[in-house]
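Lettering of chains follows the sequences in order, A, B, ..., and the numbering in each one begins at 1.
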Amino acid sequence: MNYWLMKSEPDVYGINHLEQEGTDHWDGVRNYQARNMMRDQMKPGDLAFFYHSNTEVPGIVGIMEIVREGYPDHTAFDPESKYYDPKSDPDNPRWYMVDVRFVRKLRRVIPLAELKQYPQLADMPLVKKGNRLSIMPVTPEQWDFILSLEDAPA
DNA sequence: GCCAACGTTGGC
DNA sequence: GCCAACGTTGGC
């Protein structure tokens, strides 16, 4: 199984939304690299960190589980949707999404500013300057290390 | 709100 | 196929 990190803006869709829904689809991804990971690599049973971006304290806030592998993102077909993409159609979908299930919140938010301090995480795209990837793989070592921070702030 | 970094688009 | 222009992401 694989580990992931997935970004979302809490004003648009945050961990509380997912907690309420239980299971939801991860729609609206319009980046090819991120799409390829959802379409080709994510499998049910994989775990992912829920990351809050573009907010007061950006950071990792929770854990979710992938429960359905990649399938076409229907919001791309809907002219009413803000994720509408006329270049995607049901016969030849351009964008994909997965379904995720809320697992739990972390006992504290682990801020980006803190994650940047650890040499163990220096290879994560997340902490690199200018990175805009909204979905990225996390190694088992990175996963365990981040979880070890939950009760032991720097 | 600013702006650097980046991805995408489209003219040529 | 190049690359300038543009739009978006996302930290600060």
Side-chain donor/acceptor of Asp99(A) to backbone N/O of Val67(A), under 3.5 Å: no
For atom CZ of Arg30(A) and atom P of dT8(B), their distance in whole Å: 13 Å
Using whole Å, report how far NZ of Lys129(A) lies from P of dC12(C). 11 Å
Can you figure out which of dG11(C), dG7(B), dG10(B) approaches the side chain of Tyr51(A) most closely? dG11(C)
Taking side chain as C-beta onward, heavy atoms only, is Asn131(A) less than 4.5 Å from Met124(A)? no
Verify, without hydrogens or angle tests, whether Glu150(A) (side chain) and Arg107(A) (backbone) share a donor-acceptor contact under 3.5 angstrom. yes
Give the nucleotide from the list dT8(B), dG10(C), dG7(B) with an atom nearest to the side chain of Ser134(A). dG10(C)
What pairs of nitrogen or oxygen atoms, one from the protein and one from nucleotides 1-5 of chain C, lie under 3.5 Å apart?
none

To the nearest angstrom, how far is Asp11(A) atom CG from dG11(C) atom P? 13 Å
Measure from the ring center of Phe50(A) to the ring center of Trp4(A) and say whether it is less than 6.0 Å. no
Asn131(A) has an atom CG; how far is it from atom P of dG10(C), in whole Å? 8 Å
Side-chain donor-acceptor pair present, Tyr13(A), Asp27(A), cut-off under 3.5 Å: no
Separation of atom NZ in Lys128(A) from atom P in dG11(C), rounded to whole Å: 16 Å
Test your reading of the model: is there a side-chain donor-acceptor pair from Arg30(A) to the backbone of Tyr83(A), 3.5 Å cut-off? yes
Report which part of the nucleic acid Lys87(A) touches: base, sugar-phosphate, or nothing (heavy-atom distance under 4.0 Å, all strands). sugar-phosphate
Out of dG7(B), dT8(B), dG11(C), minimum distance to the side chain of Asn54(A) belongs to dG11(C)
Picking from dT8(B), dG10(C), dG7(B), the nucleotide nearest the side-chain atoms of Gln33(A) would be dG7(B)
Below 4.0 angstrom from OP1 or OP2 of dT9(C), is there any side-chain N or O of Lys7(A)? no
In whole Å, what is the span from the OH atom of Tyr13(A) to the C1' atom of dT9(C)? 21 Å
For the pair made of NE2 in His52(A) and P in dC12(C), what is the distance, rounded to whole Å? 17 Å
In this structure, how many angstroms lie between the P atom of dG10(C) and the CD1 atom of Ile135(A), rounded? 11 Å
Looking at Gly28(A), is its backbone amide N or carbonyl O close enough to the side chain of Asp73(A) to form a donor-acceptor pair, meaning the two atoms are under 3.5 Å apart? yes
